[in-house]
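Structure record follows, encoded as structure tokens.
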Amino acid sequence: MTRTARILISGTAILVIIAVCGAGQPAAKFTELQRRDIPGTGREGVTTVAEIPPGVTSARHSHPGEDFGYLIEGTILLMVDGKPPVTVRAGEVFFTERGQI
């Protein structure tokens with residue numbers, strides 16, 4: 001993976017963390033489990049556990065890669081531009097395409 005791509009991914013991750021942990025909200029906790037280059041793509045995959053307290057919201061944002069998720073506990077409202085909101089419950093998966101807000 002190129003240095004520019006790594007910086008872009010790291011910078012985006014920091015912005016997402018700042019957006020989720022906005023002023024006046026309880027802090028979310030992110031634990032990276034693995035980071036691996038995806039052969040032949042110039043991209044990398046990252047597996048992270050996000051512990052987000054009830055009531056915490058995220059600012060509008062996008063990801064530089066595909067966003068795969070599995071909800072272990074609780075419920076989230078996933079809002080993607082151009083699509084109806086989706087309620088994701090514990091035990092369910094979700095996917096957001098690269099660049100979608």
Side-chain angles (χ1 to χ4, degrees):
M1 171 165 276
T2 67
R3 176 177 161 76
T4 303
R6 287 177 195 244
I7 290 170
L8 176 63
I9 291 171
S10 296
T12 301
I14 290 168
L15 290 175
V16 170
I17 290 169
I18 290 169
V20 171
C21 300
Q25 295 183 343
K29 178 182 173 188
F30 296 86
T31 305
E32 186 174 304
L33 302 178
Q34 68 175 337
R35 180 178 297 264
R36 301 277 189 262
D37 288 334
I38 301 172
T41 66
R43 301 178 79 75
E44 65 182 357
V46 182
T47 306
T48 303
V49 172
E51 298 175 65
I52 304 171
V56 172
T57 60
S58 171
R60 289 170 43 86
H61 66 278
S62 65
H63 295 270
E66 288 71 18
D67 183 23
F68 293 83
Y70 172 76
L71 194 60
I72 296 171
E73 181 181 320
T75 302
I76 61 170
L77 181 61
L78 181 62
M79 298 172 63
V80 177
D81 283 0
K83 299 182 181 180
V86 175
T87 299
V88 184
R89 293 176 175 79
E92 297 178 344
V93 297
F94 61 90
F95 172 78
T96 306
E97 295 174 11
R98 175 183 342 159
Q100 290 290 303
I101 297 176

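Quick note: numbers below take in every heavy atom, side chains included, and nothing from hydrogens, waters or symmetry partners. Note that the structure is predicted; figures quoted are calculated from it, not measured.
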Only counting residues at least two apart or in another chain, list the ones meeting salt bridge (Lys or Arg N to Asp or Glu O under 4.0 Å) with E32. R35
For V56 and P26 the tightest heavy-atom approach is CG2-O, 3.6 Å
Among residues at least two apart in sequence or on other chains, which ones pass side-chain hydrogen bond (donor to acceptor under 3.5 Å, both in side chains) with T47? Q34
Do the side chain of E92 and the main chain of R89 share a donor and acceptor less than 3.5 angstrom apart? yes
Look at R60 together with D81 and state whether they make a salt bridge at an N to O cut-off of under 4.0 Å. yes
To the nearest 0.5 Å, how far apart are CD1 in I101 and NE2 in H61? 10.0 Å
For E66, the side-chain hydrogen bond (donor to acceptor under 3.5 Å, both in side chains) test, sequence neighbours excluded, returns R98
The remaining residues in the hydrophobic cluster of I72, counting side-chain heavy-atom contacts under 4.5 Å among Ile, Leu, Val, Met, Phe, Trp and Tyr, are Y70, V93
Can you find a heavy atom in the side chain of T48 that is under 4.5 Å from one in the side chain of L33? no
With a 4.5 Å limit on heavy-atom distance, are the side chains of R36 and I38 in contact? no
Remaining members of hydrophobic cluster (4.5 Å side-chain criterion), L77: M79
If you round to the nearest 0.5 Å, how far is CD of E73 from CD of E51? 9.0 Å
Under 4.5 Å side-chain linkage, directly or through intermediates, the cluster mates of V86: L71, I76, L78, V80, V88, F94
